[in-house]
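Counting starts at 1 for both ligands and their atoms, in listed order.
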Amino acid sequence: MNCSREIISGVYWIGASDRRIELFENIFPVPEGMAYNAYLIEDEKTAIIDTVDSSVTRLYLENIKGIIGETAPDYLVVNHMEPDHCAGIEDLCQLYPQMKIVGNAKTFQYMSQFYSRNLSERFYEVKDGDTLNLGTHTLKFIFAPMVHWPEVMVTYVEDLHLLFSADAFGSFGALSGNLFADEMDINDFFWAEARRYYANIVGKYGVQVQSVLKKVLEVSVEMICPLHGPIWRRDFDTFINKYNLWSQYLPEKKGVLIAYGSIYGNTQAAAHILANQLAEKGIRDIRMLDASKTHMSYLISDIFKYSHLVLASPTYNSGIFPPMLNLIHDMAALGIRNRKVVLISNGTWAPTAHTAMQKMLAEMKEMEVITDPLLLKSAIKPEQMADVQRIAEKICDSLNR
Ligand code: FEO
């Protein structure tokens, strides 16, 4: 069977989608499945660009056969050695004994770590900026370390102005026949999934993403072919602009994310009262998420989106309620910064969640706690409404600045 597609003369998409997968990387929910893209360039020399996840390797190998039949590819370019893209390397080596593997020193280091078989005789090592002529087309290798692993490189086809961008510009979600973003309904759901993918997969590496963006913007790009999600051949300025914001930890929206943990509903009630006050003051962009029942990846994605953050937590084991503790820990691990924060803390006998949250936030960069926390003893009381008003006004003032 052959399910490949020619995306531009002589260049084929040879990837596949997996809708059985529940958790990408065994951690991130993918309700719409996952696409693993790979590509093949037919020229005087044939080059395959990356392999795929083991779940779809059979389809990938059939796609290759469907295009080149019994001939053999000359090169396999490995832009990324993470197993969702390198699971087919040994299969290809078995099928094509003469095929060279194009990568950098780190690519080959990780290859020898993942595989027992010695593939070193096939290695064709490239350095940043090196080129490889295939006949008509010339590939240029641009190193993109930490987007998302140290060995990552992107491959630019100079005459076609086509960029194989590795994990960059990828998204969660399977493909449904249409490969190009301009053939699809690129709606709010798509952008939410693209942001969730970025924030959780490469969100930690903003500085490195900025550096790759600079390199990419130096060359003329007419088509972006990522390893996940749709291919972009027009209107990708929106995506580049979003990458520019996300990688500088700049919010996309002036708005408020209220993330709360609540054991019996009392902390949640206070969070709702604050949300109502914000709404009455005309704030439109308010999002509330229960940290206990919202997967971390969605919370992190919305933290990348919004400028203001309310964190509400009961005190638990003399500290922060575990779902909220995990969230703040993940925020710190991903290097999130530059957000305005308000805290709500609850406790029946010793409310200390706010001091623990303040301590964690103080260790992060540019996380500004804009007012004193709302302190609850078990449940919010009528006399505390003025305090909620004070917090709502502070948030509004800060939003309007
Ligand atoms: Fe899609 Fe970093 O692998």
> A cation-pi test, strictly: NZ or CZ of Arg337 under 6.0 Å from the centre of the six-membered ring of Tyr249 and no more than 45 degrees from its axis. Yes or no?
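No, a cation-pi geometry is absent between Arg337 and Tyr249.
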> Can you list the protein N, O or S atoms less than 2.8 Å from atom 2 (Fe) of ligand 1?
His80 NE2, Glu82 OE1, His148 ND1, Asp167 OD2
> Report the name of the N/O/S atom of His228 located nearest to atom 1 (Fe) of ligand 1.
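Looking only at N, O and S atoms of His228, the one nearest atom 1 (Fe) of ligand 1 is named NE2.
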> Given Ile41, which of Thr46, Val157, Val77 fulfils the side-chain contact (heavy atoms from CB on, under 4.5 Å) condition?
Val157
> Taking the basic N atoms (NZ, or NE/NH1/NH2) and the acidic carboxylate oxygens, is any pair closer than 4.0 Å for Glu193 and Arg196?
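Arg196 and Glu193: salt-bridged.
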> Give a yes or no answer on whether the side chain of Arg339 reaches the backbone of Tyr306 with a donor-acceptor pair at less than 3.5 Å.
yes
> Would you call Asp285 and Lys254 a salt bridge, using N to O less than 4.0 angstrom?
no
> State whether Arg195 and Glu252 are salt-bridged, where the test is any N-O pair (Lys NZ or Arg NE/NH1/NH2 against Asp/Glu carboxylate O) under 4.0 Å.
yes
